[in-house]
2 protein chains.
Amino acid sequence: MLPLSSRESARRRLLDALRREGPLARVEIGQHLGMSPATVSELTASLIDEGILMAEDSADQSPGLMRGRPKTRLYFAETLGSVVGVWTGFNRIELRLVDSAGRTRASRHVERRLRNLEAEELMDVLAQTIATFAEESGARDVKAVGLACQGYVDTRDGIVAWSPVLGTRDLPLASGLSQRLGKPVLMENDASAMAFAIAQRNADLRSGRTACLMVGDGVGLGFLIQGELYRGARFGGSEFGHVRLRRSGPQCRCGGRGCIEAYLADYALHRDAQLIDHRPAPTLLLPSEEAMSDIVGQARAGDPALLNLFHAAGEVLGDAVGILIQTLEPDHIVICGPGTRAMDLLRPSFESALESQTIPELRALATIHVVESSMDLLTEGVVMQALRDLDLDLARLKAA
Amino acid sequence: MLPLSSRESARRRLLDALRREGPLARVEIGQHLGMSPATVSELTASLIDEGILMAEDSADQSPGLMRGRPKTRLYFAETLGSVVGVWTGFNRIELRLVDSAGRTRASRHVERRLRNLEAEELMDVLAQTIATFAEESGARDVKAVGLACQGYVDTRDGIVAWSPVLGTRDLPLASGLSQRLGKPVLMENDASAMAFAIAQRNADLRSGRTACLMVGDGVGLGFLIQGELYRGARFGGSEFGHVRLRRSGPQCRCGGRGCIEAYLADYALHRDAQLIDHRPAPTLLLPSEEAMSDIVGQARAGDPALLNLFHAAGEVLGDAVGILIQTLEPDHIVICGPGTRAMDLLRPSFESALESQTIPELRALATIHVVESSMDLLTEGVVMQALRDLDLDLARLKAA
DNA sequence: TTTGTTTTATTCGTACTGTGAATAAACTAC
DNA sequence: GTAGTTTATTCACAGTACGAATAAAACAAA
């Protein structure tokens, strides 16, 4: 939250690089980050001293076909413990156990719907689910929990002001879980977490401005400036999916009408597909991947009513991206999440809507990346953020 | 453009404070900026050495009712020269001559329409206008020119990709004028310039995130993070006015339909008011302030058709602010420009549209400021930016 | 085995920035 | 005058980063 000191930021960049790239020798770190060998030596010396990093045993080297002094790679100490990342979707909870080096040790998803629960019960269930997962994954050293969900998430105070997946408003979820689990709990908006995870895997996206539109269960936006998440006044990202694009459009889970989400989200497409067949409108649950594949398959086979649905959705996506381009002028636009499964169906109307909304000079600025990512990548993002927080805590602990 | 070194940023903050507050003693600078007296002494010593600042003669002090060593205030050296700020509107050019301390020495506006001119002629006319103004204002020491206009302005290269006020596309205006005037020319999007000027006058707006929506000739957005203009990938701010909010709304100057501007800008309100009276639709010129006052007056008197116009405009304004809140989550929203003259008429529908689009928690984040500002404030913003650039150039010159 | 060659890592001296504390300066009050 | 008060400068020091020199650890060649 508070601005990082020069040292802290160098330290963070160093540890970030090690998590992304795996073990690196000091020279390599210097090349990656543009630091002098002297600086890298000094930084790594204190990180090793603090027990965060370890130096590779020179014995276990790669084949002996290289000249010169061999590299000694640095890696994260196992003793640092691990972090559990959690995503709570509409009727599913994704869990991931990650060690301090950023390697996934275990992952699982649990079918569970939280919306019908009271605040206390909800937190009990969630805490229990996390604890069970950690135990059954054989983790004895969980240092923190990172939790992402849709909606307005106050990342600083760990309060969910409103979320379509929870029944209650202004829920102090972080403190509630923290109490139950005896560990710090860090909250994040889900689209922000996804944006961060995707940027960790693509260096291009970590330079300039990247707007990451996640389409799936809902529609969210994560915005990165130079690889760091943009933070608004209170809530991390923005619930961009609830921007109202059509004054009298279809019903949205937020209570409004014509939101971006009400056209593009899985639940919306599924609901509208059911309505075409005159079947009873389903509840607003997250439809299964099979159900969605089915709809996409029928549309690809030429079902005209379904094609219309995707046409309208693509148009809304084009308008949404147009707004982002005109407001933020990003260098990169990423469209990600399960919704990309139908990108071929969305594309024609997406592109024509985008064209009709922006001048060519502006459109040419942003590279549009379509990244097929599933929701479980999301837990990776929130874990990475939690790990970085832990790094910082460790540093400040030693300093005090 | 390139990130400032620690020293450069301290230096900039110091000079910014002096321009905003007028002459300050070293202690006062320290208090304003949270710097130690030692640091301020060191910084000011080199600024005085470089001839940028001067120390007040201890003789001309204020009344002798204070104890202790008297303050010696620091001020900008007169010898540093001045800067001309220019805004090109639809049929008006605003000019302002400012000295290095940020004080306005002269200002003027010229009625002139540039849209009908070819590129070369346009630049000739503009250069001539600026030169004449500078000469007639008795400025012999103009060091730079800052130029703001509506549209997609590439601030780095000084190219106007598209502007409703110019006839040509991708016009290299900065280099063209620079050649003709023999001085560096800095370009800026007009809403960005206005946002910067307004933030210079209100300290609150310089902390956190401030989205400044300028309504007048057109509709523009300037976005500030911690008092500094947000820069997109290429163009400074964003031509937010051309976000399309209604799929089949009124015609906009950009060629599209249903843009924010097509409801809110002066030309749009004026045009639609004429249409009500079945008078021939006027050309898309900037109507005079009198004509606009007339329309507002008739609406206040109860003309139902005009009230409808303002109702629709207010609704669009509410939607626009809603989008900003949901996308950027700013701490402050500023609505400024001549369009605020009708804020009383816009307000009811503005507020209901905003309410229907955002959840209360989110709406509560942003303070909405209505700042009645005319377009001539805009030249102040662009001049301030140009002065800061000059400061930096001076510093880098000395360093090399 | 010894002596280079090559690459990696550390150490050392230096430069820059920013700070607290001590000191100097410049005035008023009595 | 002298004491008191506020402002400005100086000085010693700490933190950070860097280039250059040096040390370390391997392989290659004689």
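Residue numbers begin at 1 in each chain, while the letters A, B, ... track the order of the sequences. Worth saying up front: this structure is predicted, and the values here are computed from it rather than measured. The analysis underlying the following values was restricted to heavy atoms, covering all of them including side chains, and did not include hydrogens, waters or symmetry mates.
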Glu380(A) bridged to Arg103(A) by N-O distance under 4.0 Å: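 Looking at Glu380(A) and Arg103(A), the cut-off is not met.
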Salt-bridge criterion met for Glu50(B) and Arg11(B) (N-O under 4.0 Å):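 Salt bridge between Glu50(B) and Arg11(B), a charged N being under 4.0 Å from a carboxylate O: yes.
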Spacing between Arg73(A) atom CZ and dA25(D) atom P, to the nearest angstrom: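 Spelled out: CZ on Arg73(A) to P on dA25(D) is 17 Å.
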Length of the line joining Arg67(B):CZ and dT7(D):P, which is rounded to integer Å: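 Checked: the CZ to P distance equals 12 Å.
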Nearest-nucleotide comparison on DNA chain D, the residue closer to the 5′ end among Gly68(A) and Glu42(A):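 Residue closer to the 5' terminus by nearest nucleotide: Glu42(A).
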Test item: Arg156(B) side-chain N/O and Arg234(B) main-chain N/O as donor-acceptor pair under 3.5 Å: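 Not at all, since once roles are kept as given, no pair shorter than 3.5 Å links the two residues.
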Any donor-acceptor pair under 3.5 Å from Gln226(B) side chain to Gly208(B) backbone: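 Here the side-chain-to-backbone pair exists.
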No-hydrogen, no-angle side-chain donor-acceptor test under 3.5 Å, Asp141(A) and Ser82(A): yes
Test item: side-chain donor near acceptor, Ser36(B) and Thr39(B), under 3.5 Å: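 There is such a pair (donor and acceptor under 3.5 Å, judged by atom type) between the side chains of Ser36(B) and Thr39(B).
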Side-chain heavy atoms of Leu224(B) within contact of Leu205(B), under 4.5 Å: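 No, their side chains stay 4.5 Å or more apart.
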Non-hydrogen side-chain atoms of Asp391(A) and Arg19(A) separated by less than 4.5 Å: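 Yes, their side chains come closer than 4.5 Å.
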Sub-4.0 Å heavy-atom contacts from residues 6-22 of chain B onto DNA chain C, ordered by number: Ser6(B), Arg7(B)
So which protein nitrogen or oxygen atoms get under 3.5 Å of nucleotides 22-24 of chain D's nitrogens or oxygens?
from    : atom 1 : to       : atom 2 : distance (Å)
dA24(D) : N3     : Arg69(A) : NH1    : 3.4

Close residues, residues 28-41 of chain B, relative to DNA chain D [heavy-atom separation under 4.0 Å]: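 Close to the strand are Pro37(B), Ala38(B), Ser41(B).
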Short side-chain N/O contact to dT9(D) OP1/OP2 from Arg26(B), under 4.0 Å: yes
